[in-house]
**Student:** 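First, the structure itself, so that you have it in front of you.
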Amino acid sequence: MLRLLPMTADVRTVTVRSPSAWRETGYVARAVAHVLVWSAALMGASLVRGEQQAAAGQPTVALDEAAFGTLDAGSQRMYRACLDALSEAETVRGKSGAWPTVEQLAARNIAPMTDPLDKAGYRWTLLTRGPVFDYIGVPDAASGRPTFLINVVEPEPGMVVDPNVPNDETHFRIKDGTMLHVGIWEVAGSKPLADAVPTPAFEDGWRRITMGGN
């Protein structure tokens, strides 16, 4: 946010000169060096983590993923319910051309939008922005349960999608031929989103749940 400072009678003129060509070259070189160093560090950390997990017999997943097998029973149950809700929503979208609201899914008795076994007080909301459609379930803060996100991204208008891309954990082709990018995400605690996002922030603790590595 910009703040306006009070005017004073003592006004100075400051001349800003660009650095010499050698200094500019040095800045660029240092910036490139930082990128290379941090990229190598992240890749090395990922490789070491994968080797440690493999040696310990644990699932090997990317840094922004969480293996289904490592989740507790409550989160595994929620993940399955989210997949069911996603499947139902995809069916409705394929037939009607529109994504169903949370209320419409609840009226069909689709969990987790309606769930008599829910003890965490999840509140579900549909956030939309352009081609992004996010169903986010936020629990009561006192429950200690994670927030879940059913994330759907449609292709931008005019985008050419490879017709040979198969359905898998992150891709699904609906009835009208539209290839969706999908995923179920979780983050510790009660953390609502202010707006729909194509990919929730890794830095905020979001991890996409995957069956891979199990």
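Predicted, not measured: the structure shown is a model, and the values here were computed from it.
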**Student:** Could Asp176 and Lys95 be called an ion pair, given the rule that one side-chain N must be under 4.0 Å from one carboxylate O?
**Tutor:** no
**Student:** Please report the C-alpha distance between Leu193 and Trp206 in whole Å, then the side-chain angles of each, then the deciding distance to 0.1 Å, and finally whether the side-chain contact (heavy atoms from CB on, under 4.5 Å) criterion is met.
**Tutor:** CA-CA 11 Å; Leu193 290 176; Trp206 286 96; 4.2 Å; yes
**Student:** Considering only heavy atoms from C-beta outward, does the side chain of Phe172 approach that of Ser87 to under 4.5 Å?
**Tutor:** no
**Student:** Following the transitive rule for hydrophobic clusters with a side-chain heavy-atom cut-off under 4.5 Å over Ile, Leu, Val, Met, Phe, Trp and Tyr, establish whether Trp185 and Ile209 coincide in one cluster.
**Tutor:** no
**Student:** If you measure from CG on Leu105 to CG on Asp84, what distance do you get to the nearest 0.5 Å?
**Tutor:**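 One finds 11.5 Å between CG of Leu105 and CG of Asp84.
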**Student:** What's the separation between atom CE in Met113 and atom OG1 in Thr101, rounded to the nearest 0.5 Å?
**Tutor:**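 Those atoms lie 9.5 Å apart.
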**Student:** Between Thr128 and Phe133 (side chain of the first, backbone of the second, donor and acceptor by atom type, cut-off under 3.5 Å), is there such a pair?
**Tutor:** no
**Student:** State yes or no: do Leu126 and Ile136 share one hydrophobic cluster built from I, L, V, M, F, W and Y residues joined by side-chain heavy-atom distances below 4.5 Å, directly or via other members?
**Tutor:**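 No, Leu126 does not connect to Ile136 through the hydrophobic network.
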**Student:** I would like to know whether Thr199 and His181 meet side-chain contact (heavy atoms from CB on, under 4.5 Å); could you show each step before the answer?
**Tutor:** CA-CA 10 Å; Thr199 303; His181 190 278; 5.9 Å; no
**Student:** Ring-plane angle category for Trp99 and Tyr135, please: parallel below 30°, perpendicular beyond 60°, tilted otherwise.
**Tutor:** perpendicular
**Student:** Which atom pair, heavy atoms only, marks the closest approach of Pro146 to Ser75?
**Tutor:**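 Distance-wise, the nearest heavy atoms are CG-OG, 3.7 Å.
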**Student:** Are Ile110 and Leu180 connected into the same hydrophobic cluster when the rule is that any two of I, L, V, M, F, W, Y join if their side-chain heavy atoms are below 4.5 Å apart?
**Tutor:** yes
**Student:** I want to check something: taking the side chain as every heavy atom from C-beta on, are Met179 and Pro155 in contact at a cut-off of under 4.5 Å?
**Tutor:**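 Of all side-chain heavy-atom pairs linking Pro155 with Met179, none is under 4.5 Å.
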**Student:** I'd like to know if Asp134 pairs up with Arg129 as an ion pair, taking the criterion as any Lys NZ or Arg NE/NH1/NH2 lying under 4.0 Å from an Asp or Glu carboxylate oxygen.
**Tutor:** no
**Student:** Nearest 0.5 Å please: distance from the OG atom of Ser143 over to the OH atom of Tyr122.
**Tutor:** 6.0 Å
**Student:** Are any of the side-chain heavy atoms of Lys175 and Thr91 separated by less than 4.5 Å?
**Tutor:**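 With C-beta onward as the side chain, the pair stays apart.
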**Student:** So, do Met78 and Pro112 sit near enough that their side-chain heavy atoms are less than 4.5 Å apart?
**Tutor:**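 Counting from C-beta outward, Met78 and Pro112 do come under 4.5 Å.
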**Student:** Measuring only between side-chain heavy atoms, which start at C-beta, is Glu186 closer than 4.5 Å to Tyr79?
**Tutor:** no
**Student:** Do Thr114 side-chain atoms and Ala111 backbone N/O form a donor-acceptor pair below 3.5 Å?
**Tutor:** no
**Student:** Decide, yes or no, whether a salt bridge links Glu88 with Arg108 under the criterion of side-chain N to carboxylate O below 4.0 Å.
**Tutor:**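 Salt bridge flag = yes for Arg108 with Glu88.
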**Student:** Examine Val197 and Leu127 and state if one hydrophobic cluster contains both, with Ile, Leu, Val, Met, Phe, Trp and Tyr joined whenever side-chain heavy atoms are less than 4.5 Å apart.
**Tutor:**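 Same hydrophobic cluster.
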**Student:** Closest approach of Val132 and Ala196, non-hydrogen atoms and distance?
**Tutor:**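 Heavy-atom minimum between the residues: CG1-CB, 3.9 Å.
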**Student:** Decide whether Leu71 and Leu83 are clustered together by the hydrophobic rule: side chain heavy atoms of Ile, Leu, Val, Met, Phe, Trp, Tyr closer than 4.5 Å, transitively.
**Tutor:** yes
**Student:** At what distance, to the nearest 0.5 angstrom, does SG of Cys82 lie from CD1 of Ile150?
**Tutor:**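 So the SG of Cys82 and the CD1 of Ile150 are separated by 4.0 Å.
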**Student:** For the OG1 atom of Thr178 and the CZ atom of Arg173, what is their distance to the nearest 0.5 Å?
**Tutor:**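 Going from the OG1 atom of Thr178 to the CZ atom of Arg173 covers 9.0 Å.
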**Student:** Quick one: does Val182's side chain get under 4.5 Å of Leu86's, heavy atoms only?
**Tutor:**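 When only atoms from C-beta onward are counted, Leu86 and Val182 do touch, with a gap below 4.5 Å.
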**Student:** Could you check whether Arg207 pairs with Glu65 (Lys NZ or Arg NE/NH1/NH2 to Asp/Glu carboxylate O, under 4.0 Å)?
**Tutor:**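 No, Arg207 and Glu65 are not salt-bridged.
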**Student:** Donor-acceptor check, side chain of Asp140 to backbone of Ala142, threshold 3.5 angstrom: yes or no?
**Tutor:**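 Not a single qualifying donor-acceptor pair exists.
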**Student:** So which atom in Thr147 and which in Gly189 form the shortest heavy-atom distance, rounded to 0.1 Å?
**Tutor:** OG1-O, 2.7 Å
**Student:** Salt bridge or not for Arg208 and Glu169, using N-O below 4.0 Å?
**Tutor:** yes
**Student:** Taking the side chain as C-beta and beyond, is there a heavy-atom pair between Arg93 and Glu154 under 4.5 Å?
**Tutor:** yes
**Student:** Once rounded to the nearest 0.5 Å, what's the spacing between atom OG of Ser190 and atom CZ of Arg123?
**Tutor:** 5.5 Å
**Student:** Can you find a heavy atom in the side chain of Asn151 that is under 4.5 Å from one in the side chain of Val153?
**Tutor:**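 Yes, close enough: below the 4.5 Å cut-off.
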**Student:** Between Asp72 and Arg145, is the closest basic N to carboxylate O distance under 4.0 Å?
**Tutor:** yes
